[in-house]
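Encoded as structure tokens, the structure appears first; notes follow it.
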2 protein chains.
Amino acid sequence: AIMEELFKSPEAAPADSLDARGLSITLTAGPTRELLDPVRYLSNHSSGKMGYALARAAADLGARVKLISGPVALETPPGVERIDVESAREMHEAALRLARQSDVFIGCAAVADYRAETVSEHKIKKTDDQEGLTLKLVKNPDIIAEIGAMQEKRPYLVGFAAETQNLESHARDKLQRKKLDMIVANDVSQQGLGFGSDHNAALLLWRDADGEAAQRHFPATTKAMLARSILAAILEGLPHSQGRTS
Amino acid sequence: AIMEELFKSPEAAPADSLDARGLSITLTAGPTRELLDPVRYLSNHSSGKMGYALARAAADLGARVKLISGPVALETPPGVERIDVESAREMHEAALRLARQSDVFIGCAAVADYRAETVSEHKIKKTDDQEGLTLKLVKNPDIIAEIGAMQEKRPYLVGFAAETQNLESHARDKLQRKKLDMIVANDVSQQGLGFGSDHNAALLLWRDADGEAAQRHFPATTKAMLARSILAAILEGLPHSQGRTS
């Protein structure tokens with residue numbers, strides 16, 4: 001079975017045979033920012049580079065691409081329609097709206113799991129007598145799980161998992177729990193890879209046509225190259241009955 | 001008294017008479033980031049633009065300039081020595097070390113008041129049964145207050161106050177409480193000014209030679225122009241017995 005997987009691996013498709021014309025692909029990228037008050041926020045180290053590389057590669061292959069982007073310092077790739085958002089709730093609103101119109105949805109953003117229970121209208125003042133501060137956080141909506149649970153017009157769904165330990169088991173659990181079709185897992189504790197870097201390594205897990213779990217490891221490469229390999233895998237994995245909404 | 005202040009206002013000094021040669025000026029700029037785990041952090045909306053504009057203007061006037069910078073997307077101004085830091089504690093260490101060697105210290109960074117009590121070594125996993133999360137924060141060192149309290153080699157000390165309400169009273173309180181020589185206060189709730197913008201308006205409060213409180217309002221202008229006006233005020237305010245360490 002391992003040999004079979006190797007030979008029918010998506011990456012084996014020659015690059016020049018890749019064609020995403022007629023496909024509508026929506027992606028999320030970057031971090032979200034969850035305000036605590038008008039100046040302070042909770043965020044994370046996502047640079048958006050992996051999501052932007054995927055958006056660029058998808059547009060290069062002819063897809064209609066919409067990119068829902070958190071705050072990043074990156075230019076919009078040519079041919080990509082970009083929707084700027086700040087918080088997880090703004091991203092959630094845009095994602096659910098666009099997912100219904102998409103053949104493929106790739107959730108690459110590092111969405112904040114939690115936001116402040118209350119956002120202070122004015123800057124929280126530090127007081128001299130107060131040595132600590134307790135911040136009450138509440139869960140944000142789980143964008144990718146909600147799309148996974150869609151009963152109608154559900155797109156082919158690709159998620160990401162950034163982990164610092166137990167990469168494969170965490171990713172496999174997330175693939176099943178959130179009803180994803182594919183998950184791209186990377187170990188963000190590796191020096192020089194992942195967050196902020198132009199390079200990445202990834203473990204790709206997906207469910208094949210028979211519903212069986214399959215996987216492939218992509219060694220460290222540029223995010224641009226990895227984006228192309230991930231798109232090749234998605235195009236291979238897409239049910240032929242589905243998509244091509246043009 | 002008001003008329004006197006207007007006429008002896010620092011801004012009245014002609015620009016070409018400004019000279020900071022021989023002065024050593026240390027600044028802090030940008031936000032700090034306080035890690036919660038390897039990927040998440042607490043931060044704020046400071047872009048670093050005001051601090052960088054001040055560093056550039058100070059170097060243009062011939063000062064020896066050291067810029068302690070939090071994570072920003074800005075280029076180092078010509079002739080400025082930049083020290084990159086991430087957390088408030090890193091900024092604190094660099095600032096206390098350099099303050100002793102400086103004639104002027106300008107604390108322009110938006111230093112996080114609080115950090116997480118414990119930083120998780122691994123990414124905090126969201127659990128399905130847990131609807132909320134309580135984050136325990138502890139106070140960071142107060143860099144500017146510690147420099148204000150220095151008994152020896154204390155530099156001329158300039159602080160900033162970003163407020164969303166009661167601008168003047170908050171700034172006056174901070175000037176006295178932290179033993180600053182001057183404070184630059186701005187109202188960050190004003191659209192198009194302050195955080196992230198290239199423009200700013202400011203209220204300058206300082207203690208004059210007689211220890212009396214003086215103030216001047218600078219209407220909205222570019223941060224580059226405002227930086228020059230603030231430096232003019234600092235050069236005017238510097239005790240002639242002090243400084244010029246060259």
Side-chain angles (χ1 to χ4, degrees), chain A residues 31-47 71-74 86 110-117 120-140 142 145 161-166 170 173-174 177-178 187-189 194-196, chain B residues 31-47 71-74 86 110-117 120-140 142 145 161-166 170 173-174 177-178 187-189 194-196:
Chain A
T32 64
R33 283 184 184 168
E34 310 300 320
L35 285 182
L36 307 182
D37 68 20
V39 298
R40 295 180 178 88
Y41 60 80
L42 269 168
S43 192
N44 64 65
H45 280 133
S46 172
S47 65
V72 296
L74 296 173
E86 184 118 4
V111 184
D113 292 334
Y114 296 96
R115 67 176 182 275
E117 190 174 56
S120 175
E121 189 190 347
H122 291 292
K123 190 178 166 189
I124 302 164
K125 305 297 291 182
K126 183 174 60 168
T127 53
D128 285 337
D129 53 326
Q130 202 180 347
E131 272 315 302
L133 187 73
T134 301
L135 209 56
K136 286 201 175 159
L137 305 177
V138 294
K139 249 185 206 173
N140 271 322
D142 190 330
E163 305 291 346
T164 56
Q165 56 185 349
N166 302 331
H170 278 151
D173 173 62
K174 189 170 178 180
R177 197 161 31 87
K178 305 203 175 180
D187 181 349
V188 291
S189 68
F195 283 126
Chain B
T32 64
R33 284 183 182 168
E34 311 299 320
L35 286 181
L36 307 181
D37 67 19
V39 298
R40 296 180 179 88
Y41 60 79
L42 269 168
S43 192
N44 63 66
H45 279 134
S46 172
S47 65
V72 297
L74 296 173
E86 185 118 5
V111 184
D113 292 334
Y114 297 96
R115 66 176 184 274
E117 190 174 57
S120 176
E121 189 190 348
H122 292 292
K123 191 178 164 187
I124 302 163
K125 305 296 292 180
K126 184 174 59 171
T127 54
D128 284 338
D129 54 327
Q130 200 181 347
E131 273 314 303
L133 187 73
T134 300
L135 209 55
K136 286 202 176 157
L137 305 178
V138 293
K139 248 186 207 175
N140 272 323
D142 190 330
E163 304 291 343
T164 58
Q165 56 185 351
N166 303 332
H170 278 152
D173 173 62
K174 190 169 176 179
R177 196 162 31 87
K178 305 203 176 181
D187 181 348
V188 293
S189 68
F195 284 126

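Put simply, the side chain of B/Leu35 reaches to within 4.5 Å of the side chain of A/His45, judged on heavy atoms. Contact annotation: the side chain of A/Asp113 never approaches that of B/Leu133 to less than 4.5 Å [non-hydrogen atoms, C-beta and beyond]. The shortest side-chain heavy-atom distance between A/Leu135 and B/Leu137 falls under the 4.5 Å cut-off.
Atom OH of A/Tyr114 and atom OG1 of B/Thr134 lie 10.0 Å apart (nearest 0.5 Å). The OG atom of B/Ser43 lies 11.5 Å from the CG atom of A/Asn44; values are rounded to the nearest 0.5 Å.
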